[in-house]
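Whatever order the structure lists ligands and atoms in, that order sets their numbers, starting from 1.
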Amino acid sequence: MNLKKAFTLTLALAMAASLGACGGSTSSESSSQPASSEAASSEAASSEAASSEAASTETGSLAKIKEAGKIVMCTNLAFPPFEYIGSDGKGAGVDIDISQEIAKDLGVELEIVDMNFDLIIDSLKAGKADFSAAGMTVKPERLEQVDFSTEYVTSAQYVIVQAGSEITTDNLDGLTIGVQESTTGDIYATDEIQAKEVMRYKSGVDAGAALAAGKLDAVIIDQLPAESIAANSNGKLEVLPEALTEESYAIAVKKGNQELLDAINATLERLISEGKIDEYVTKHMTEAA
Ligand code: GLN
């Protein structure tokens with residue numbers, strides 16, 4: 001999608017009144033809730049008893065998901081507008097809306113498990129979640145560990161600084177730079193800059209708070225989270241205009257789970273062709289503020 005266009009729309013919308021509470025979208029009855037294990041054990045027990053065929057299918061297969069009546073998505077709920085905790089205390093954001101549509105198309109409920117970004121790939125490999133929608137950039141080293149869907153958003157790394165700072169993207173060497181641990185911002189700060197120090201935080205929101213508190217010179221993070229963090233800083237922070245990288249986001253599944261990947265791609269392609277992803281971005285840039 002065209003982020004420049006999306007962001008222009010966002011700015012226009014930001015001038016307008018809030019669109020109101022989230023959740024009133026086109027989505028199904030599926031509910032987005034923080035991680036909860038309740039009901040999972042009884043459902044798992046009954047699904048085991050219900051079908052002997054299922055015993056031969058892999059965890060995370062469509063048959064298992066449909067029998068359980070739910071699909072489990074893991075993400076890090078501190079990456080607005082893609083994922084954040086909404087005003088009702090539940091997970092909200094572009095990736096949550098997409099995940100609800102995936103669940104709806106499969107006829108199951110969505111369960112969201114919130115975790116640190118750096119644990120997501122291992123959780124997928126261990127079968128603790130069926131998929132992850134986490135603004136995750138497709139990278140060759142990640143492709144060795146998980147399979148990725150169709151790419152649904154293009155992004156880039158940007159630099160957030162204190163408002164009025166003299167820092168430019170050409171003079172990042174020698175600075176104390178904050179990043180979210182194990183993200184592409186971390187990889188860039190570590191490999192491409194001679195930073196004085198790279199400070200790794202559990203979330204981009206935490207890194208932004210440290211910058212606003214004067215503990216860092218700059219934060220390197222994805223484009224829309226950068227805009228969202230700056231917009232929520234009471235004028236303390238601003239985003240430098242130049243992009244450092246070019247990236248694309250995709251949904252990740254356990255390696256080899258082609259059946260689930262095909263289902264996810266079908267939903268993504270529908271949402272892309274209906275223009276829904278642009279709508280979700282515009283809506284959540286406003287609501288996450
Ligand atoms: N796009 C970045 C990455 O994949 C950051 C994702 C995130 O922090 N949720 O590393």
Side-chain angles (χ1 to χ4, degrees), residues 1 3 6-7 32 34-35 73-86 91-99 112-125 129 131-160 177-193 198-211 216 218-230 232 239 243-253 268 277 280-281 284-285 288:
M1 69 177 251
L3 280 178
F7 192 60
S32 56
M73 187 279 270
C74 63
T75 193
N76 172 243
L77 290 175
F79 194 67
F82 293 97
E83 36 269 336
Y84 58 98
I85 297 177
V94 176
D95 285 330
I96 279 70
D97 286 352
I98 292 172
S99 299
I112 298 170
V113 180
D114 185 19
M115 61 179 64
N116 289 338
F117 184 79
D118 60 325
L119 298 178
I120 288 175
I121 286 183
D122 282 346
S123 297
L124 292 172
K125 286 163 92 174
F131 72 101
S132 176
M136 190 181 283
T137 301
V138 178
K139 295 280 284 178
E141 53 269 50
R142 291 176 179 163
L143 271 165
E144 286 171 16
Q145 306 192 67
V146 290
D147 285 343
F148 280 109
S149 70
T150 300
E151 297 170 359
Y152 62 92
V153 162
T154 54
S155 183
Q157 294 304 300
Y158 274 79
V159 182
I160 319 176
I177 296 185
V179 295
Q180 180 179 8
E181 191 170 13
S182 300
T183 60
T184 43
D186 185 358
I187 296 167
Y188 188 92
T190 307
D191 295 350
E192 309 292 336
I193 296 171
V198 178
M199 304 278 288
R200 298 183 174 82
Y201 293 83
K202 292 296 175 201
S203 76
V205 171
D206 289 349
L211 178 62
L216 302 169
V219 166
I220 297 180
I221 191 165
D222 299 51
Q223 180 177 20
L224 294 185
E227 298 292 354
S228 177
I229 288 167
N232 284 297
V239 182
L244 302 176
T245 61
E246 278 180 22
E247 307 184 6
S248 298
Y249 296 165
I251 287 176
V253 300
L268 277 176
I277 303 210
Y280 296 158
V281 168
H284 289 291
M285 278 302 282

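- In summary, the atoms of ligand 1 found under 4.0 Å from a heavy atom of Thr137, numbered by their order in the structure, are 1 (N), 2 (C), 3 (C), 4 (O).
- Looking at Thr184 next to ligand 1, an N or O pair under 3.5 Å apart turns up.
- Ranking the protein heavy atoms by distance from atom 9 (N) of ligand 1 puts Ala134 O, 2.8 Å first.
- With hydrogens and angles disregarded, a donor-acceptor distance shorter than 3.5 Å links the side chain of Arg142 to the backbone of Thr137.
- Numbered from 1 in the order shown, with element, the atoms of ligand 1 that lie under 4.0 Å from a heavy atom of Thr183 read 5 (C), 8 (O), 10 (O).
- Assignment of Lys139 to the shell around ligand 1 is not supported, since no heavy atom sits closer than 4.0 Å.
- The protein heavy atom nearest to atom 6 (C) of ligand 1 is Gly135 O, 3.3 Å.
- Considering only non-hydrogen protein atoms, atom 8 (O) of ligand 1 sits nearest to Gln180 OE1, 2.6 Å.
- Ligand 1 does not have Asn76 within reach: every non-hydrogen atom of the residue lies 4.0 Å or more from it.
- Residue Phe117 is tested with Thr75, Asp186, Thr183 for a side-chain contact (heavy atoms from CB on, under 4.5 Å); the sole match is Thr183.
- At distances below 3.5 Å, not a single donor-acceptor pair connects side-chain atoms of Ser132 with backbone N or O atoms of Ala252.
- Shortest contact from atom 5 (C) of ligand 1 to any protein heavy atom: Asp222 OD1, 3.4 Å.
- Under the 4.5 Å side-chain criterion, counting only non-hydrogen atoms from C-beta, Val153 is not in contact with Ser248.
- Side-chain polar atoms of Gln157 and Thr184 form a donor-acceptor pair below 3.5 angstrom.
- The backbone N or O of Ile251 lies less than 3.5 Å from a partner atom in the side chain of Ser149, making a donor-acceptor pair.
- In this structure, Asp114 contributes its side chain and Leu77 its backbone to a donor-acceptor pair below 3.5 Å.
- Contact annotation for Gln157 and ligand 1: no heavy atom of the residue comes within less than 4.0 Å of the ligand.
- Those atoms of ligand 1 with a heavy atom of Tyr249 less than 4.0 angstrom away are 1 (N).
- With 3.5 Å as the limit, one finds a donor-acceptor pair spanning the side chains of Ser155 and Tyr249.
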